[in-house]
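Sequence lines set the chain letters: A, B, ... in the order given, protein chains first and strands last, and positions in each chain run from 1. Because the structure is predicted, anything quoted here is derived from the model rather than measured.
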Amino acid sequence: MRYSKLFIPTLRDDPADAEVISHKLLLRAGFIRRVTSGVYDYLPLGLRVLRKIEAIVRDEMNRSGAQELLLPMVQPAELWEKSERMEKYGPELLRFNDRHGHESCLGPTHEEVICDLISRELRSYKQLPMNLYQIQAKFRDEIRPRFGLMRGREFIMKDAYSFHADEASLNAEYDNMFATYCRIFERFSLNFRPVEADGGSIGGSKTHEFHVLAESGEDLIAHCSGCDYAANVETAMSKRQAVNTPSAALLMVETPHVTSAEDVAAFLHADLSTLLKTLVYRAVGGANDGMIIAACVRGDDQVQEIKLTHAIAADSIEMASDDEIAQIGGITGFIGPQKLNCKLFLDHSLTAACGLITGANKANAHITGLDVDRDLEDIHFADLRETRAGDACNTCGAEIELSRGIEVGQVFALGTRYTEPMQVLFQNQQGKRALATMGCYGIGISRLMAAVVEQCNDDSGIAWPQALAPFSVGLISMGKSEAVLQTSAQIYQALLDAGIEVLWDERNERPGVKFKDAELIGLPMQLVIGDRGLKAGVVEMGWRKGGRSEVAVGDVVAKVIDLLKGQLADKNTGSIN
RNA sequence: CGGGGCGUAGCGCAGCCUGGUAGCGCAUCUGGUUUGGGACCAGAGGGUCGGGUGUUCGAAUCACCCCGCCCCGACCA
């Protein structure tokens, strides 16, 4: 491609409304443009990268035995009624009526559609297992789209759905997909980590998320420094080192206007971890909708709300209002677990704890000497605390570390969560009707593009890994002498003939402009053809990640072919730099 | 939805407080010079100042309403 013919609207300044590096660079380098909140145009360069990501994903999915198909974006409401997600999915599901008044929605995910398809076509166990996938635009009316491609409302996703005759088959495919995902992210040269995760609203029992490690990540993941345990903090488990205080008599102490755990500890000259913190929540959805409950953790711990949500079997939870707290006999700022008129949940770390400081359920007062076994009744223990850096690993005891991650993929063993309501049945070997089990596996294609940029950039711009670069080579003609133009044209044509994607910058621009643009858009290899080099019979070869050398004009094409083929071969065998 | 911020040329911004000719840098177009790290000279084009209503002789500027965008929280690929 000739640069002068390519639509690359680069920007010299960072756009004011971009915050994270990938958003800024993708806009500046002319890969994307915003249409409206969370919705983007993919310009030619952006599309080229997107297609490369898709190609790798497709290649590995096909290799894993999955088959590609394409499902509709517009889905009838009936299917969502049938799976009982019409209500449950909430306002994130964009609904609309067609001219006949028929209610439809834009697909945020495709369990319903695929189950509907399979339920009509599946007859025999002999057709199973089966893994079908598609790469397609999804629409989720996100509460808060942000960070450019990182969290859009419309985004490109690879979603796969597998169907099985039994649990063992599902587990085998789960492992197969897990391995496939590892291969995919390795081919992207990404620093990533698979982690144990929460099922979220999709439901299901077993699930892992794949996170690209990056400061701008929206998720916190806990991982062990000693073994390969890694989990999203939403579910991560660990041991904590608590200060053990001796048992003591209950005593009420005055704490005027001292409310936060930190302030109480300071006021009473106590260690934060000797406090028992009580938070009051209201269950939303589920069998216990509206129920008020109290959750206790140590003063230096935080309640992990996802864990609490599971502990009380709710769809979600919200902090209780001051009025709701008063109704159960508490006072905001001075809540304690004693004599609260609601269900009481304590974190495991409080098992048999004594000598604790806690709220007195009385204004301006706290209690010291609380003994969990002695002073509290009818308590439920659960894992409620959020794992912190420095905790001990449950498996090996080594130190837990926390990192930020961008979730680029997730694998679920769904079981019969969808196949049951959608009636995905088949005839088993015994001739009986049986329910299929199901797994689903997603990869955020467009989000991956942002995640890669988050990891591959420097002050000059993007530095694409070879496998994803929109062009492998940037051919820069320096000056406009006949010799430069002719040599450039020859090399350009020879590279094209060799099947190498090359962007020839033949614009009548000064060298600085060409270099800056080449670095901004992040092409991995640069070939500079100028009068200075031609006099010595050489072309300059530079790498985006650093390093320059000179190659004889006559050898350039062969050399480039050799280097690029070598790099691509490396990627395919999984040996990643 | 709650909290914070913003909206003036394609991009980045000033002007607003204290009402009176709409400005700067970059980009763009024309001509010329220049060509190994975002050139220079001369000239030119480009604006319903997010929208509406009001106050006023007069509104980018003041008031009210609406819309949009960004950031922090709940959602998730």
Between A:Ile221 (CD1) and B:A77 (C1'), how many Å, whole number? 15 Å
Heavy atoms of other groups near A:Met86 CE, more than 12 under 6.0 Å: yes
In this structure, how many angstroms lie between the C1' atom of B:C76 and the CD1 atom of A:Ile306, rounded? 10 Å
P gap between B:C49 and B:A22, integer Å: 11 Å
Residue mapping more 5' on RNA chain B - nearest nucleotide basis, A:Gly442 or A:Asp17: A:Asp17
Answer yes if the ring centres of A:His211 and A:Phe192 are under 6.0 angstrom apart, and no otherwise. no
Indicate yes or no: does A:Glu54 engage A:Lys158 in a salt bridge with an N to O separation below 4.0 Å. no
Can you check the distance between B:U61 and B:C17, where both ends of the measurement are the P atom (answer in whole Å)? 9 Å
Show the distances under 3.5 angstrom between N or O atoms of the protein and N or O atoms of nucleotides 44-51 of chain B.
none

Shortest non-hydrogen pair, A:Leu93 vs A:Leu106, comes out as CD1-O, 3.8 Å
d(NE2, A:His208; P, B:A77) in whole Å: 15 Å
Look at all strands and tell whether A:Gly90 reaches a base, only sugar-phosphate, or nothing, counting heavy atoms closer than 4.0 Å. nothing
Taking a pair as Watson-Crick or G-U wobble with both distances under 3.5 Å, which nucleotide is matched to B:A59? none
Main-chain N/O of A:Leu26 paired with A:Arg28 side-chain donor or acceptor, under 3.5 Å: no
Compare side-chain N and O positions of A:Thr36 against OP1 and OP2 of B:G68 and report whether any pair is under 4.0 Å apart. no
May I ask which nucleotide in the shown strands pairs with B:C64, Watson-Crick or G-U wobble, both distances under 3.5 Å? B:G52
Could you state the atom-to-atom distance from CD of A:Gln410 to C1' of B:C75 in whole Å? 13 Å
Atom C1', compared across B:G58 and B:U21: separation rounded to whole Å: 13 Å
Looking at every strand, decide which applies to A:Glu142 at a 4.0 Å heavy-atom threshold: base, sugar-phosphate, or nothing. base
Do the side chain of A:Arg447 and the base of B:C76 come within less than 3.5 angstrom through a donor-acceptor pair of N or O atoms? yes
Checking base pairs now: Watson-Crick or wobble, both atom distances under 3.5 Å. What partners B:C11? B:G25
At 4.0 Å (heavy atoms only), tell me whether A:Asp219 reaches a base, stays on the sugar-phosphate, or touches nothing. base
Ignoring backbone atoms, test whether A:Ser446 places a side-chain nitrogen or oxygen under 4.0 Å from the OP1 or OP2 oxygen of B:A77. no
On the six-membered ring of A:Phe515, is A:Arg548 placed so that its NZ or CZ lies under 6.0 angstrom from the centre and within 45° of the ring axis? yes
Any salt bridge between A:Glu218 and A:Arg404, counting N to O under 4.0 Å? no
Atom of A:Glu112, atom of A:Ser83 and distance for their closest heavy-atom approach: OE2-OG, 2.6 Å
Nucleotide N/O of nucleotides 33-38 of chain B paired with protein N/O under 3.5 Å:
from: B:U34; atom 1: O2; to: A:Arg510; atom 2: NH1; distance (Å): 2.8
from: B:U35; atom 1: O4; to: A:Lys480; atom 2: NZ; distance (Å): 2.8
from: B:G36; atom 1: O2'; to: A:Arg532; atom 2: NH1; distance (Å): 3.3
from: B:G36; atom 1: N1; to: A:Glu540; atom 2: OE1; distance (Å): 3.1
from: B:G36; atom 1: N2; to: A:Glu540; atom 2: OE1; distance (Å): 2.8
from: B:G36; atom 1: N2; to: A:Glu540; atom 2: OE2; distance (Å): 2.8
from: B:G37; atom 1: O4'; to: A:Gly512; atom 2: N; distance (Å): 3.3
from: B:G37; atom 1: O6; to: A:Arg548; atom 2: NH2; distance (Å): 2.8
from: B:G37; atom 1: N1; to: A:Glu519; atom 2: OE2; distance (Å): 2.9
from: B:G37; atom 1: N2; to: A:Glu519; atom 2: OE1; distance (Å): 2.4
from: B:G37; atom 1: N2; to: A:Glu519; atom 2: OE2; distance (Å): 3.2
from: B:G38; atom 1: O2'; to: A:Arg12; atom 2: NH1; distance (Å): 2.8
from: B:G38; atom 1: O2'; to: A:Arg12; atom 2: NH2; distance (Å): 3.2
from: B:G38; atom 1: O6; to: A:Arg28; atom 2: NH2; distance (Å): 3.4

What residues, two or more places apart in sequence or in another chain, satisfy ring-ring contact (aromatic ring centres under 6.0 Å, His included) together with A:His23? A:Tyr40
Report, one pair per line, the protein and nucleotides 72-74 of chain B atoms (nitrogen or oxygen only) whose separation is under 3.5 Å.
from: B:C72; atom 1: OP2; to: A:Arg144; atom 2: NH1; distance (Å): 3.0
from: B:C72; atom 1: OP2; to: A:Arg144; atom 2: NH2; distance (Å): 2.6
from: B:C72; atom 1: OP2; to: A:Arg146; atom 2: NH1; distance (Å): 3.3
from: B:C72; atom 1: O5'; to: A:Arg144; atom 2: NH2; distance (Å): 3.4
from: B:G73; atom 1: OP2; to: A:Arg146; atom 2: NH1; distance (Å): 3.2
from: B:G73; atom 1: N7; to: A:Arg144; atom 2: NE; distance (Å): 3.4

When rounded to the nearest 0.5 angstrom, what distance separates OG1 in A:Thr10 from CD1 in A:Ile521? 8.5 Å
Assess whether one donor atom and one acceptor atom, taken from the side chain of A:Arg151 and the base of B:C76, lie less than 3.5 Å apart. yes
Ion pair A:Lys307/A:Asp198, N-O distance below 4.0 Å: no
Nearest to side-chain heavy atoms of A:Glu407, which nucleotide of B:A77, B:C69, B:G12: B:A77
Now, which nucleotide makes the Watson-Crick or G-U wobble pair with B:G2, with each of the two distances under 3.5 Å? B:C72
Using atom CZ of A:Arg85 as one end and atom C1' of B:C75 as the other, report the distance to the nearest whole Å. 14 Å
Roughly, in whole Å, what's the span from CE in A:Met449 to C1' in B:A77? 15 Å
Over all atoms of both residues, closest heavy-atom pair of A:Arg140 and A:Tyr89: NE-OH, 3.6 Å
If you measure from the C1' atom in B:C65 to the same atom in B:U55, how many Å do you get, rounded? 15 Å
Interatomic distance where NE2 belongs to A:His110 and P belongs to B:A77 [whole Å]: 14 Å
Nearest-angstrom distance, P atom, B:U56 to B:C67: 27 Å
Roughly how far apart, to the nearest Å, are B:C11 and B:G52 at atom C1'? 28 Å
Please list all pairs meeting salt bridge (Lys or Arg N to Asp or Glu O under 4.0 Å) that have one or both residues in residues 279-295 of chain A, counting only residues at least two apart or in different chains. A:Arg282-A:Glu318, A:Arg282-A:Glu324
Expressed as a whole number of Å, how far does the P atom of B:G47 sit from that of B:G23? 13 Å
Enumerate the residue pairs fulfilling salt bridge (Lys or Arg N to Asp or Glu O under 4.0 Å) with a member in residues 39-48 of chain A, sequence neighbours excluded, ordered by first and then second residue. A:Arg48-A:Glu501
I need the CG-C1' distance between A:Leu50 and B:A77, as an integer number of Å. 13 Å
Taking atom C1' in both B:C16 and B:G7, what distance in whole Å separates the two? 13 Å
Assigned partner base of B:C40, Watson-Crick or wobble definition, under 3.5 Å: B:G32
